[in-house]
Trainee: 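Dropping a structure here in structure tokens format, bear with me for questions.
Chain identifiers are assigned alphabetically (A, B, ...) following the order of the sequence lines, protein sequences preceding nucleic acid strands; residue numbering begins at 1 within each chain. Side chains are part of it too, since the values below use all heavy atoms of this structure and drop only hydrogens, waters and symmetry mates.
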Number of protein chains: 2
Amino acid sequence: MRQIKHPNIEQVELTDIMYALADPTRLEIVSLLANAGRRMTCGELDLNRPKSSMSHHFKILRSAGLVETVVEGTEHMNSLRYEEIERKYPGVLHAVLKATSTKV
Amino acid sequence: MRQIKHPNIEQVELTDIMYALADPTRLEIVSLLANAGRRMTCGELDLNRPKSSMSHHFKILRSAGLVETVVEGTEHMNSLRYEEIERKYPGVLHAVLKATSTKV
DNA sequence: ATTGTAGTTCTAATATAATCGAACTATAGA
DNA sequence: TCTATAGTTCGATTATATTAGAACTACAAT
């Protein structure tokens, strides 16, 4: 069962997080994961885009250290690395998520 | 005395802020402005880059709503729109600035 | 073995961004 | 009026991102 490599939290740069969150699609993925409060498959998070596009965005979210993906059978379970990010960059993700849910 | 147009705070999008802060040069400018706690000219903020490059980054910071520039004589005085941004997106800029000053 | 499913990787097209020299604009001062 | 200064805009180059179809991989179930 091949697992996907993720950066460890020490390697996560703030600019990478900013970059990952600068895209509306990715911000929505992060927001959905946070609101769900549970692991979700890529399929569940369908945003009406081709699989390859979604996969691209997940790759960036993973490499930014925001999302962790665990392979289980044919499914890829995704979760936010919220606690880790909050420990390293306190308040950043929290404030961004609050700002996205308070969408005008 | 021509002044530069800025977006008003209602028009400022979170993704624009994220995008502007995703570039290390721009993040440094924002951080320097915050730490200075006063208005600074582009020249003062010299980061060893050509004027045209700096101007480009300032343009993006302005259009993201992060920086306000007031023309005074030949100088352009820049300041962070910290309070406005904090009011619209509480904690975001605060947390990002804290994270940049706590650079490991 | 074959089929289905979930998601990735490959590939190529298109779009957007960064960089910076050179020319330009606006103001100040001699 | 001439010169200096501060910063912008233009234009071209190069780099990086987005998008999405098609082929592929890994696993599960029949």
Side-chain angles (χ1 to χ4, degrees), chain A residues 1-7 13 15-30 32-33 36 38-80, chain B residues 1-7 13 15-30 32-33 36 38-80:
Chain A
M1 191 205 287
R2 287 182 101 58
Q3 288 297 335
I4 296 174
K5 277 282 269 179
H6 298 83
E13 297 284 339
T15 46
D16 294 337
I17 293 177
M18 294 293 112
Y19 165 68
L21 297 176
D23 180 277
T25 303
R26 291 193 292 263
L27 190 56
E28 194 173 353
I29 292 172
V30 166
L32 287 170
L33 278 176
R38 61 176 176 88
R39 307 187 307 161
M40 294 177 88
T41 63
C42 307
E44 281 186 287
L45 286 157
D46 191 33
L47 303 174
N48 265 41
R49 276 173 188 77
K51 291 199 300 176
S52 56
S53 301
M54 290 300 281
S55 189
H56 164 74
H57 287 304
F58 270 105
K59 195 175 188 174
I60 287 164
L61 287 170
R62 264 180 234 122
S63 69
L66 280 165
V67 166
E68 182 178 36
T69 305
V70 176
V71 183
E72 289 182 5
T74 63
E75 294 185 328
H76 291 207
M77 303 306 299
N78 303 289
S79 52
L80 253 194
Chain B
M1 192 204 289
R2 289 181 99 59
Q3 289 296 337
I4 296 174
K5 277 282 267 179
H6 298 83
E13 296 284 340
T15 46
D16 294 337
I17 293 178
M18 294 292 113
Y19 165 67
L21 297 176
D23 181 277
T25 303
R26 292 194 291 265
L27 190 56
E28 194 173 353
I29 292 172
V30 166
L32 286 170
L33 278 175
R38 61 179 176 85
R39 306 186 311 161
M40 296 176 87
T41 63
C42 306
E44 282 185 286
L45 286 156
D46 189 34
L47 303 174
N48 265 41
R49 273 173 190 77
K51 291 200 301 179
S52 54
S53 300
M54 290 300 281
S55 189
H56 164 73
H57 288 304
F58 270 103
K59 195 175 188 175
I60 287 164
L61 287 169
R62 263 180 235 121
S63 70
L66 280 165
V67 166
E68 181 177 38
T69 304
V70 176
V71 183
E72 288 183 6
T74 64
E75 294 185 327
H76 291 207
M77 304 306 300
N78 303 289
S79 51
L80 254 194

Trainee: Look at the side-chain N and O atoms of B:Ser55 and state whether any lies under 4.0 Å from the OP1 or OP2 oxygen of D:dT8.
Mentor: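 Yes, within the criterion.
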Trainee: Go nucleotide by nucleotide along DNA chain D from the 5' end; which of A:Ser52 and A:Tyr19 gets its closest nucleotide reached first?
Mentor: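 It is A:Tyr19 whose nearest nucleotide is closer to the 5' end.
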Trainee: In whole angstroms, how far is the P atom of C:dG7 from the CE atom of A:Met77?
Mentor: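 Going from A:Met77 (CE) to C:dG7 (P), I get 9 Å.
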Trainee: How would you label the contact of B:Thr25 with the nucleic acid (heavy atoms, under 4.0 Å): base, sugar-phosphate, or nothing?
Mentor: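 No contact.
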Trainee: Would you mind classifying the nucleic acid contact of A:His57 as base, sugar-phosphate or nothing, using non-hydrogen atoms under 4.0 angstrom?
Mentor: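 Sugar-phosphate, no base atom in range.
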Trainee: Can you tell me which nucleotide in C:dA18, D:dA20, C:dT8 comes closest to the side chain of B:His56?
Mentor: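 Looking only at heavy atoms from C-beta outward on B:His56, the closest nucleotide is C:dA18.
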Trainee: Does a side-chain heavy-atom distance below 4.5 Å link B:Thr69 with B:His6?
Mentor: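 They are in side-chain contact.
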Trainee: Measuring from the side chain of B:Thr74 (C-beta onward, heavy atoms only), which nucleotide among C:dT8, C:dG21, D:dT5 has the closest atom?
Mentor: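 Nearest nucleotide to the side chain: D:dT5.
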Trainee: Hey, which sits more toward the 5' end of DNA chain C by its nearest nucleotide, B:Asp23 or A:Met54?
Mentor: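 The answer here is A:Met54.
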Trainee: Closest approach to the side chain of B:Ile4, judged atom by atom: which nucleotide of C:dT27, D:dT8, C:dG7 is it?
Mentor: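 Nearest listed nucleotide: D:dT8.
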Trainee: For A:Lys51 and D:dT25, give me the distance from atom NZ to atom C1', rounded to whole Å.
Mentor: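 Answer to the nearest Å: 11 Å.
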Trainee: How many whole angstroms separate atom CD of A:Glu75 from atom C1' of D:dT25?
Mentor: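 So the two atoms are 16 Å apart, to the nearest Å.
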Trainee: Please state whether the phosphate of C:dC20, meaning OP1 or OP2, lies under 4.0 angstrom from any side-chain nitrogen or oxygen of B:Ser53.
Mentor: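 Yes, because at least one side-chain N or O of B:Ser53 sits under 4.0 Å from OP1 or OP2 of C:dC20.
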Trainee: Rounded to the Å, how far apart are A:Phe58 CZ and D:dT19 P?
Mentor: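 Roughly 14 Å, once rounded to whole Å.
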Trainee: Please determine whether a side-chain nitrogen or oxygen atom of A:Arg49 lies at a distance below 4.0 Å from atom OP1 or OP2 of D:dT18.
Mentor: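 No.
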Trainee: Distance from A:Leu32 atom CG to A:Asn78 atom CG, nearest 0.5 Å?
Mentor: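 If we round to the nearest 0.5 Å, A:Leu32:CG and A:Asn78:CG are 11.5 Å apart.
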Trainee: Can you check whether B:Arg26 reaches A:Met18 side chain to side chain, under 4.5 Å on heavy atoms?
Mentor: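 SC-SC contact between B:Arg26 and A:Met18 ruled out.
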Trainee: Would you say that A:Arg49 contacts A:His56 through its side chain, given a criterion of any heavy-atom pair below 4.5 Å between the two side chains?
Mentor: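 Side-chain contact under 4.5 Å: no.
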Trainee: Could you check whether any side-chain heavy atom of A:Glu28 comes within less than 4.5 Å of a side-chain heavy atom of A:Leu45, counting everything from C-beta outward?
Mentor: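 They are not in side-chain contact.
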